[in-house]
Amino acid sequence: MTFSVLLASLLCYGSLIQCHKNEIVEDLLNVIFKLKNSKGHGGGQTSSPAFTATLSKDLTPPVNQIIIFDSVKTNVGGHYSSSTGVFTSPRNGLCMISATMRSTASKHLHCELWVNEAMKEKIFGTNLSTGTINAVLQLKTGDKVFIKKDHRSGEGIIGGDWSMFSGYFIV
């Protein structure tokens, strides 16, 4: 978009800026160079990693197990794995992570948001209610982000796309 605006300006006002032609071309080349080397920070639709995945079936996970959200709705950059349930940060930056978990009837549900080996937030639901977390996390390249069942056993999660895990980079 920036390139289009600059190009349109050059075409529309070209006769007024003949004396500054070399400076404008140099500035335009600098902008193009910066956009190409921004490594995904504002350079197009696929530049910002993002994902949303849901749980397709009801689940009674074992304690301390990573929840695998198997129905991927969005996976810009391919950094969420539907086989492991883990989002791997491709770069440093602030990332918004959300999860909503719906508990089965007459049961409690306790899950947690983890980054690598550290628990960051807790999610709780009971008797068909949902628990939701939204967390802004400072991630580093290679960080592993996932939802994990806590130490309580016998709790169930409703699937059918009622439970989800999502994230996107803010900056």
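Small disclaimer: the values here were computed from a predicted structure and weren't measured.
- Looking at Tyr80, its side chain does come within 3.5 Å of a backbone N or O of Phe69 through a donor-acceptor pair.
- Judged purely by atom type and a 3.5 angstrom limit, Asp58 uses its side chain to pair as donor or acceptor with the backbone of Gly159.
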Problem set entry | Steps toward side chain to side chain contact (heavy atoms under 4.5 Å, CB included) verdict (Ile157, Leu109) | CA-CA 7 Å; Ile157 306 168; Leu109 175 61; 3.5 Å; yes

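- Cluster annotation: Leu139 and Leu113 are assigned to the same hydrophobic cluster (Ile/Leu/Val/Met/Phe/Trp/Tyr, side-chain heavy-atom contacts under 4.5 Å, transitive).
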For this session: Would you sort out whether Lys57 and Ser71 count as a side chain to side chain contact (heavy atoms under 4.5 Å, CB included), showing the intermediate values?
Result: CA-CA 9 Å; Lys57 297 177 239 165; Ser71 181; over 6 Å; no

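- Listed here is the closest heavy atom pair of Ser48 and Val76: O-CG1, 3.6 Å.
- The distance between the ring centers of Phe51 and Phe165 falls below 6.0 angstrom.
- From Asn116, atom CG reaches atom NZ of Lys140 across 9.0 Å, with rounding to the nearest 0.5 Å.
- The closest side-chain donor-acceptor pair between Thr126 and His108 falls under 3.5 angstrom.
- Here the side chains of Leu128 and Ile158 are in contact, with some heavy-atom distance below 4.5 Å.
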Exercise. Passes side chain to side chain contact (heavy atoms under 4.5 Å, CB included), Lys120 versus Ile97? Steps please.
Worked result: CA-CA 11 Å; Lys120 298 295 183 179; Ile97 299 290; over 6 Å; no

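- To the nearest 0.5 Å, atoms CD1 (Ile147) and SG (Cys111) are separated by 7.5 Å.
- A donor-acceptor pair is defined here as one N or O able to donate and one able to accept, closer than 3.5 Å; such a pair exists between the side chain of Ser81 and the backbone of Ser83.
- The CG atom of Leu59 sits 6.5 Å away from atom CD of Gln65, with the distance rounded to the nearest 0.5 Å.
- Taking CZ of Phe146 as the start and OG1 of Thr84 as the end, the distance is 9.5 Å to the nearest 0.5 Å.
- Note: Asp161 CG to Thr54 OG1 = 3.5 Å, rounded to the nearest 0.5 Å.
- Closest heavy-atom contact between Asp70 and Ser56: OD2-OG, 2.5 Å.
- For CH2 of Trp162, the number of neighbouring non-hydrogen atoms (other residues, nucleotides, ligands) closer than 6.0 Å is 12 at most.
- In the hydrophobic clustering of ILVMFWY residues, with side-chain heavy atoms under 4.5 Å counting as a link, Val145 and Met164 come out apart.
- At a cut-off of 3.5 Å, with distance as the only test, no side-chain donor of Thr52 or Thr74 sits close to an acceptor on the other residue.
- Between Phe87 and His79, the ring-plane angle classifies as perpendicular under the 30° and 60° cut-offs.
- Hydrophobic cluster membership is shared by Leu137 and Phe169, with clusters built from Ile, Leu, Val, Met, Phe, Trp and Tyr side chains linked at under 4.5 angstrom.
- The closest donor-acceptor contact from the side chain of Ser163 to the backbone of Arg102 lies under 3.5 Å.
- Of the listed residues (Thr132, Ile133, Asn134), just one forms a side-chain contact (heavy atoms from CB on, under 4.5 Å) with Thr100, and that residue is Thr132.
- By the 4.5 Å heavy-atom criterion applied to side chains, Ile67 and Pro61 are counted as neighbours.
- Under 3.5 Å, the side chains of Ser89 and Asp143 contain no donor-acceptor pair of N or O atoms.
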For this session: Just do the side chain to side chain contact (heavy atoms under 4.5 Å, CB included) check on Asp150 and Glu155 with the steps written out, would you?
Result: CA-CA 10 Å; Asp150 79 348; Glu155 298 181 341; 4.3 Å; yes

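- Judged by distance alone, the side chain of Asn127 and the main-chain N or O of Ala105 form no donor-acceptor pair under 3.5 Å.
- In terms of hydrophobic clustering, with Ile, Leu, Val, Met, Phe, Trp and Tyr side chains grouped at heavy-atom distances under 4.5 Å, Met96 and Val171 are assigned to a common cluster.
- Residues Leu94 and Tyr168 share a single hydrophobic cluster, defined by chaining ILVMFWY side chains whose heavy atoms lie under 4.5 Å apart.
- Checking Lys122, Lys148, Lys149, Arg152 one by one against Glu112, the salt bridge (Lys or Arg N to Asp or Glu O under 4.0 Å) holds for a single residue, Lys122.
- Atom CD1 of Ile123 and atom OG of Ser98 lie 9.5 Å apart (nearest 0.5 Å).
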